[in-house]
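Just so you know, these numbers come straight off a predicted model, no measurement behind them.
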Amino acid sequence: MKRFICSLLSVLIIVCAVPFTAQASSNVINITEKQMNDNAYKYIENALKEAKNNATKEKPYVINVPSGNYTLKKALHIYSNTTLNLEDDTVLLKGFTDGNMIKLGVKEEANSGYEGYENVTVNGGVWNGNFKGACIMRFAHCKKITVKNCILQNQKNAHFLELAAANNFKITNCIFEGYLKTESTDALALQIDIIHNSAHFSAYEEYDDTPCKNITVSKCTFTDVYSGVGTRSGVVGSYFDNIKIKNNTFKDLSDIAISAFNFRNSEISGNKINSATMGITFQTFPDVNAANRLYLPNDKDADTDIIKDTNSVIKNNSITVYNTTYRGNSSGISVYGGSVSAEYAKEIKVKKGKYYAEGLVLSKNKIKVHSASSGGVIMEYANKCSLKDNSIISYSDSSADGIIFLNGDNNIVSGNTVKGFFNGISAVSGSVKNKFTKNVIKSNSNYAISVDKKSKALIYYGNTVKGNKKGKYHIKSKNYPLYAKDIKLNAEKSLSGNRLKWNKVKGVSEYKIYRSNKKNGTYKFIKTVKAKKSSYTDYNKKGSKYYYRIRAVKNVNGSKIYGKYSNKE
């Protein structure tokens, strides 16, 4: 008996030690098949209105719609603390022309910020737009919204799903398919929009420029649509923050798969873009038509600084490009900042000057190009960005470059494979201080690296360059070799310091000397020595022990070609 009591006490102690989480109970409305066949709109809308009047965070509503094929006669309206569940084989067909199939709230309920609606889920079902136009789903002034496991199909000249002024919004495991284009519009299937005026997002006042943030689009499929996901308009000072577009699949798109405008602290990763004219565009300033795409805030006292540091990554994406819409800027990835002249500044009401896209990392992307007019990566007005370990290959007789910088400064290009383009890598239109190192550049029809007369580059030894038809480095209209000849460095200690000697390399401009207090430590630059010299004395403190390395440099009108490091002495 004592043993039994002790065991029982032990069980009670364990049970008490385990934390208990109370589960909020839900009100459940199960709509019947008979009701749906009688009037699908009526019974779903009535259930949603009941939820509107009674649902709370503590006791939300769950509305279940049965399997079957049904026609909606009017738009549905969903409100806070409500889940609408449809079976996988539930098909809702749009049976009216004007308006959305489902939207948050009604026009008469004006909201602001993210405080309109919250805790809403739309789960499952086939939402057939029946090529009637207007967005199938529409959400704004909201937070904690989820759309999952839905098929949105058969759209005409409009978005499938559109959201604005949204915080913590998740779209996952959805399919967007079938688009009919009869107008000049180029609507994204999933648009992350601005809440600036009725032209961009009607019926959801207040137009307070609230940006979208904490948005995740994952495991979705976009097939046979014009454009995929993102945004093409922005408000100065109102930036989309923490946008994640991850692990989605894009098939047979006519135009852009992913369009990121005014994004910061964001990630585009793991996406498979099987066919598009443009894979991914990332813009802090519109590449064209800025007057109709970039707006000053409605609040005249608001911040009007155009974003610079994006702190964002584009990584591990697989992109295949076909230029089906004949864009001049067709590419796997394109990054755009911009420039505003004094005359243009008056038109768009933004200060004149250069607005660079900064702080963007492009890493481990695989780009395959199948059109002669399509490039690999375009970097225009990009500054302090990194392109590393990307594979960029053209399978056509390309007239475009693998990586091109236009007015792009201080970018690092390392570890990339670039093959089959016109030039492998090029810097034009006044691009300066871009560093090219440890890239594999081969089988391009012109040059491995080309730098025009207005630009300056830093080309480091370590690039693998072969099979480029016209040459290796083409700078200021002249060809230059790699300057790969080894330098043998000798160092000996003297009374006045450390005496360095080396063999001269023909054709170089200077030598740069680096020093470290550890043989395998970090070597810091200490001195530039003219090409005519082959020795240098480092006058250091008595008793100090240092190690040295040296390399040759060729100066070409501001550009520099860096040779191989010498041995460590």
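- Annotation: cation-pi pair Arg549/Tyr514 absent, no NZ/CZ under 6.0 Å from the ring centroid and within 45° of its normal.
- Counted by atom type alone, Tyr546 and Asp538 present zero donor-acceptor pairs between their side chains at under 3.5 Å.
- A salt bridge links Glu510 to Lys560: one of the charged nitrogens lies within less than 4.0 Å of a carboxylate oxygen.
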Practice prompt. Applying side-chain contact (heavy atoms from CB on, under 4.5 Å), run through Ser566 and Trp502 and close with a yes or a no.
Written response: CA-CA 9 Å; Ser566 72; Trp502 59 88; over 6 Å; no
Discussion item. Does Phe160 form a side-chain contact (heavy atoms from CB on, under 4.5 Å) with Met137? I'd like the steps, not just the answer.
Written reply: CA-CA 6 Å; Phe160 291 70; Met137 296 183 178; over 6 Å; no
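- A centroid separation of less than 6.0 Å is found between the aromatic rings of Phe169 and Phe139.
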Practice prompt. Evaluate side-chain contact (heavy atoms from CB on, under 4.5 Å) for His159 paired with Leu190, printing each intermediate quantity in order.
Written response: CA-CA 6 Å; His159 311 296; Leu190 197 171; over 6 Å; no
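- Asn271 and Asn317 share a donor-acceptor pair across their side chains, judged by distance under 3.5 Å alone.
- Defined by atom type and a distance below 3.5 Å, a donor-acceptor pair is present between the side-chain atoms of Ser269 and Glu267.
- Scanning both residues, Ala382 and Asn411, for their nearest heavy atoms gives O-ND2, 3.0 Å.
- If you check the side chains of Tyr356 and Asn407, you find no donor sitting under 3.5 Å from an acceptor.
- Between Ile273 and Ile280, the closest side-chain pair of non-hydrogen atoms falls below 4.5 Å.
- Both cation-pi conditions hold for Arg293 and Phe261: the charged atom is under 6.0 angstrom from the six-membered ring centre and inside a 45 degree cone around its axis.
- Looking at Ser398, its side chain never comes within 3.5 Å of a backbone N or O of Phe421 through a donor-acceptor pair.
- Salt bridge annotation for Lys251-Asp224: absent, with no cationic side-chain nitrogen under 4.0 angstrom from a carboxylate oxygen.
- Side chains of Val217 and Asn248 form a contact here, defined as non-hydrogen atoms less than 4.5 Å apart.
- At a cut-off of 3.5 Å, with distance as the only test, no side-chain donor of Asn383 or Asp409 sits close to an acceptor on the other residue.
- Side chain of Ser312 to main chain of Asn265: a donor-acceptor pair is present (N/O by atom type, distance under 3.5 Å, no hydrogens or angles).
- Of the possible polar contacts, none joining the Ser455 side chain to the Val432 backbone as a donor-acceptor pair under 3.5 Å is found.
- Taking OG from Ser318 and NZ from Lys368, the interatomic distance works out to 6.0 Å, rounded to the nearest 0.5 Å.
- Of the inter-residue distances, the one linking Phe282 atom CZ with Met379 atom CE reads 10.0 Å to the nearest 0.5 angstrom.
- Residue Phe525 qualifies as enclosed at atom CZ: its count of foreign heavy atoms under 6.0 Å is above 12.
- The shortest side-chain heavy-atom distance between Phe176 and Ile171 falls under the 4.5 Å cut-off.
- The closest donor-acceptor contact from the side chain of Ser371 to the backbone of Ser373 lies at 3.5 Å or more, if one exists at all.
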Item to complete: Begin from the C-alpha positions of Asp287 and Asn329 and carry the test side-chain hydrogen bond (donor to acceptor under 3.5 Å, both in side chains) through to its verdict.
Response: CA-CA 10 Å; Asp287 57 328; Asn329 57 349; 3.2 Å; yes
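- At least one donor-acceptor pair under 3.5 Å links the side chain of Ser431 to the backbone N or O of Val428.
- For the pair Tyr511/Thr528, no side-chain contact is recorded, criterion being any heavy-atom separation below 4.5 Å from C-beta on.
- The minimum heavy-atom distance between Ala357 and Tyr336, with the atom names listed, is CB-O, 4.0 Å.
- In summary, Asp309 and Arg264 do not engage in a salt bridge, as defined by a charged side-chain N under 4.0 Å from a carboxylate O.
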Discussion item. If you apply the rule side-chain hydrogen bond (donor to acceptor under 3.5 Å, both in side chains), what do you find for Tyr548 with Asn498, and how did you get there?
Written reply: CA-CA 10 Å; Tyr548 298 87; Asn498 294 326; 2.9 Å; yes
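- No side-chain heavy atom of Ser426 sits under 4.5 Å from any side-chain heavy atom of Phe405.
- With hydrogens and angles disregarded, no donor-acceptor distance shorter than 3.5 Å links the side chain of Asn439 to the backbone of Phe436.
- The main-chain N or O of Lys308 is never found under 3.5 Å from a side-chain atom of Thr284 such that the two would form a donor-acceptor pair.
- Between the side chains of Ser391 and Thr417, no donor N or O sits under 3.5 Å from an acceptor N or O.
- Closest approach of Asp193 to His200, counting heavy atoms only: OD2-O, 2.9 Å.
- With a 4.5 Å cut-off on side-chain heavy atoms, Asn410 and Lys384 count as touching.
- Judged by distance alone, the side chain of Asn154 and the main-chain N or O of Tyr179 form no donor-acceptor pair under 3.5 Å.
- No more than 12 heavy-atom neighbours from other residues, nucleotides or ligands sit within 6.0 angstrom of NZ on Lys244.
- For the residue pair Asn168/Asn214, the side-chain donor-acceptor check at 3.5 Å is not satisfied.
- Using a 4.5 Å cut-off on side-chain heavy atoms (C-beta onward), Phe263 and Asp241 make no contact.
- The nearest pair of heavy atoms linking Asp452 to Ser429 is OD2-N, 2.9 Å.
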Practice prompt. Determine, stepwise, if the pair Val440 / Val418 fulfils side-chain contact (heavy atoms from CB on, under 4.5 Å).
Written response: CA-CA 6 Å; Val440 176; Val418 186; over 6 Å; no
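- Minimum heavy-atom separation, Asn242 to Ser266: N-OG, 3.6 Å.
- Contact of the Ile319 side chain with the Ile333 side chain is registered, since non-hydrogen atoms from C-beta on lie closer than 4.5 Å.
- The two residues Lys156 and Thr182 make their nearest non-hydrogen contact at CE-OG1, 3.6 Å.
- If you take CG on Asp252 and OG on Ser275, they are separated by 5.5 Å, rounding to the nearest 0.5 Å.
- Side-chain atoms of Ser254 and Thr325 form no donor-acceptor pair, as typed in the model, at a separation below 3.5 Å.
- Side chains of Ser394 and Ser396: a donor on one and an acceptor on the other come within 3.5 Å.
- For the residue pair Ser218/Asn247, the side-chain donor-acceptor check at 3.5 Å is not satisfied.
- Around the NZ atom of Lys568, the shell of radius 6.0 Å holds more than 12 heavy atoms that belong to other residues, nucleotides or ligands.
- In terms of modelled atom types and a separation under 3.5 Å, the side chain of Asn423 and the main chain of Asp401 share no donor-acceptor contact.
- Remark: the backbone N or O of Lys364 is paired with a side-chain donor or acceptor of Asn390 at under 3.5 angstrom.
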Can you give the donor-acceptor pairs under 3.5 Å from side chains of residues 227-239 to other protein atoms, not counting sequence neighbours?
unit_1, atom_1, unit_2, atom_2, d
Ser227, OG, Arg232, NH2, 3.0
Thr231, OG1, Ile192, O, 2.8
Thr231, OG1, Ser233, O, 3.3
Arg232, NH1, Asp186, O, 2.7
Arg232, NH1, Asp186, OD1, 3.1
Arg232, NH1, Asp186, OD2, 2.9
Arg232, NH2, Asp255, OD2, 3.3
Ser238, OG, Asp209, O, 2.5
Tyr239, OH, Gly237, N, 3.1
Tyr239, OH, Asp305, O, 2.5
Tyr239, OH, Ile307, N, 2.7

